[in-house]
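Heads up: the structure comes next, in structure tokens.
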Amino acid sequence: MSLGIPEKITALLFDLDGVLTSTAVLHRQAWRQTFEGMGQPFSEQDYLAHVDGKPRYDGVRSFLASRGLTPPEDEIRRIGDQKNNLVNQIIDEQGITPYPGSVRYLQAARQAGLPIGVVTSSANAMRVLRAGDLLDYVDALVDGNVIVASNLHGKPEPDSFIEGARRLKTAPENAAVFEDALAGVAAGHKGGFGFVVGVDRGNQAEALKTNGADVVVNELDELLS
């Protein structure tokens, strides 16, 4: 079965929230509750433009800066941690559902023998992967904890994807990136990755292409043939 990627690709790097699992919806809900609790209206466009795909504290800074607010660092961290606690609560209440098309793609990739990495800004990745029964597909994980511990720049910088490729013993030009966030496809493009797949979960296909996606799909199994 063809995976719909160039022959030079020898490893696959997937974002988690919004690409493999529907947890992006839960993150969006947690961000909205957090910011609206501060009296700051938070729209779908705010999510896509300011926090989607970015490390938690970077998302807080970006959104509040768009409102002309520059709180001190300890306040940024307090807000980000409040959001993280809230999303964990929502995950416990609502559970985790992997996208069926993404699971089919992971199965095909595993059958093809390609190593699989997950690269996410989330610090809750292990919890999500375990709850979604996806751990068996993952050969390498770069999450928010690794990003902080290794002092990596978050997306849209390519550092986390480059680290994912390194852990899979693959050069960036031989790895494919799968992302639903504009910051994520921008990171894949900036890092010189061999193929960048945009997953359109927010009616932003053109924006994904503009930011660096080589191809845009609605579901990953559309790539299979």
Side-chain angles (χ1 to χ4, degrees), residues 1-6 9-32 44 47-48 51-53 87-144 155 161 164 168 175-185 187-188 193 195-209 213-225:
M1 178 181 292
S2 170
L3 296 175
I5 55 179
I9 298 301
T10 58
L12 309 178
L13 298 169
F14 297 88
D15 179 44
L16 180 59
D17 303 311
V19 172
L20 299 183
T21 68
S22 58
T23 38
V25 176
L26 308 185
H27 282 279
R28 192 157 52 240
Q29 180 181 340
W31 280 117
R32 179 178 294 110
E44 172 77 8
Y47 176 79
L48 296 173
V51 303
D52 189 21
V87 80
N88 281 331
Q89 178 183 334
I90 294 171
I91 287 171
D92 287 342
E93 292 172 353
Q94 300 186 24
I96 300 297
T97 305
Y99 288 106
S102 298
V103 174
R104 282 191 287 271
Y105 195 85
L106 289 173
Q107 291 169 341
R110 182 60 84 214
Q111 291 170 3
L114 293 184
I116 295 168
V118 169
V119 179
T120 173
S121 299
S122 173
N124 307 307
M126 283 296 295
R127 182 178 191 171
V128 172
L129 289 167
R130 189 176 292 112
D133 200 25
L134 296 174
L135 270 178
D136 288 346
Y137 296 107
V138 181
D139 301 305
L141 173 63
V142 177
D143 64 2
K155 304 168 189 177
F161 280 122
L168 293 179
V177 165
F178 299 78
E179 262 285 359
D180 70 310
L182 302 183
V185 295
F193 284 82
F195 198 59
V196 180
V197 178
V199 184
D200 185 16
R201 306 290 189 194
N203 297 316
Q204 54 178 353
E206 288 305 315
L208 287 166
K209 291 177 183 177
D214 294 301
V215 64
V216 175
V217 296
N218 293 313
E219 300 290 346
L220 289 187
D221 60 355
E222 292 173 22
L223 295 166
L224 300 176
S225 61

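In this text the structure is predicted, and so the values were computed from the model without any measurement.
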Just by distance, no angles: are the side chains of Glu93 and Gln89 close enough, under 3.5 Å, to form a donor-acceptor pair?
yes

Quick one, Leu182 and Leu48 - any side-chain contact, counting heavy atoms below 4.5 Å?
no

So do His27 and Tyr47 actually touch side chain to side chain, heavy atoms under 4.5 Å?
yes

Work out which heavy atom in Gly132 is nearest to a heavy atom in Pro98; give both atom names and the distance.
O-CG, 3.2 Å

Are Val118 and Val142 side-chain neighbours, meaning at least one heavy-atom pair lies under 4.5 Å?
no

Between Leu12 and Ala109 the two heavy atoms that sit nearest each other are CD1-CB, 3.5 Å

Test applied, side chain to side chain contact (heavy atoms under 4.5 Å, CB included); reference residue, Val177; option that passes from Phe161, Phe14, Phe195
Phe161

So CG of Leu129 and CG of Leu20: to nearest 0.5 Å the spacing works out to 7.5 Å

Gln29 and Ile90: side chain to side chain contact (heavy atoms under 4.5 Å, CB included), yes or no, with the steps?
CA-CA 9 Å; Gln29 180 181 340; Ile90 294 171; 3.8 Å; yes

Could you check if a side-chain atom of Val128 sits within less than 4.5 angstrom of a side-chain atom of Ile91, using non-hydrogen atoms only?
yes

Which atoms form the tightest heavy-atom contact between Leu168 and Ala11, and what is the distance?
CD1-CB, 4.0 Å

Show, in sequence, the C-alpha distance, side-chain angles and deciding distance for Asp92 and Arg127, and conclude whether the salt bridge (Lys or Arg N to Asp or Glu O under 4.0 Å) test is met.
CA-CA 10 Å; Asp92 287 342; Arg127 182 178 191 171; 2.4 Å; yes

Report yes or no: does Ser22 contribute a side-chain atom to a donor-acceptor pair with the main-chain N or O of Thr97 at less than 3.5 Å?
yes

Closest approach of Leu106 to Leu134 (non-hydrogen atoms, all atoms of both residues):
CD1-CD2, 4.1 Å

The residue among Asp139, Leu13, Val138 that forms side chain to side chain contact (heavy atoms under 4.5 Å, CB included) with Pro115 is Asp139

Spacing of CG belonging to Asp143 relative to CG belonging to Leu16, to within rounding of 0.5 Å:
9.5 Å

Would you sort out whether Ser122 and Thr120 count as a side chain to side chain donor-acceptor pair (under 3.5 Å), showing the intermediate values?
CA-CA 5 Å; Ser122 173; Thr120 173; 4.6 Å; no

I'd like to check Val196 versus Glu179 (side-chain heavy atoms, cut-off strictly below 4.5 Å). Are they in contact?
no

Val216 side chain near Val197 side chain, heavy-atom distance below 4.5 Å
no

Do you know which two heavy atoms are closest between Gly198 and Ala213, and how far apart they sit?
N-CB, 3.8 Å

Salt bridge (Lys or Arg N to Asp or Glu O under 4.0 Å) assessment of Lys155 paired with Asp15
CA-CA 11 Å; Lys155 304 168 189 177; Asp15 179 44; 3.3 Å; yes

Distance from Met126 atom CE to Leu141 atom CG, nearest 0.5 Å?
7.0 Å

On a heavy-atom basis, the closest approach of Tyr105 and Leu3 is OH-O, 2.7 Å

Check whether any side-chain heavy atom of Asp52 lies under 4.5 Å from a side-chain heavy atom of Asp180, and answer yes or no.
yes

Those residues that, when tested against Glu219, pass side chain to side chain contact (heavy atoms under 4.5 Å, CB included) (two or more places apart):
Tyr99, Arg201, Asp221, Glu222

So do the side chains of Val19 and Leu220 get within less than 4.5 Å of each other, counting heavy atoms only?
yes

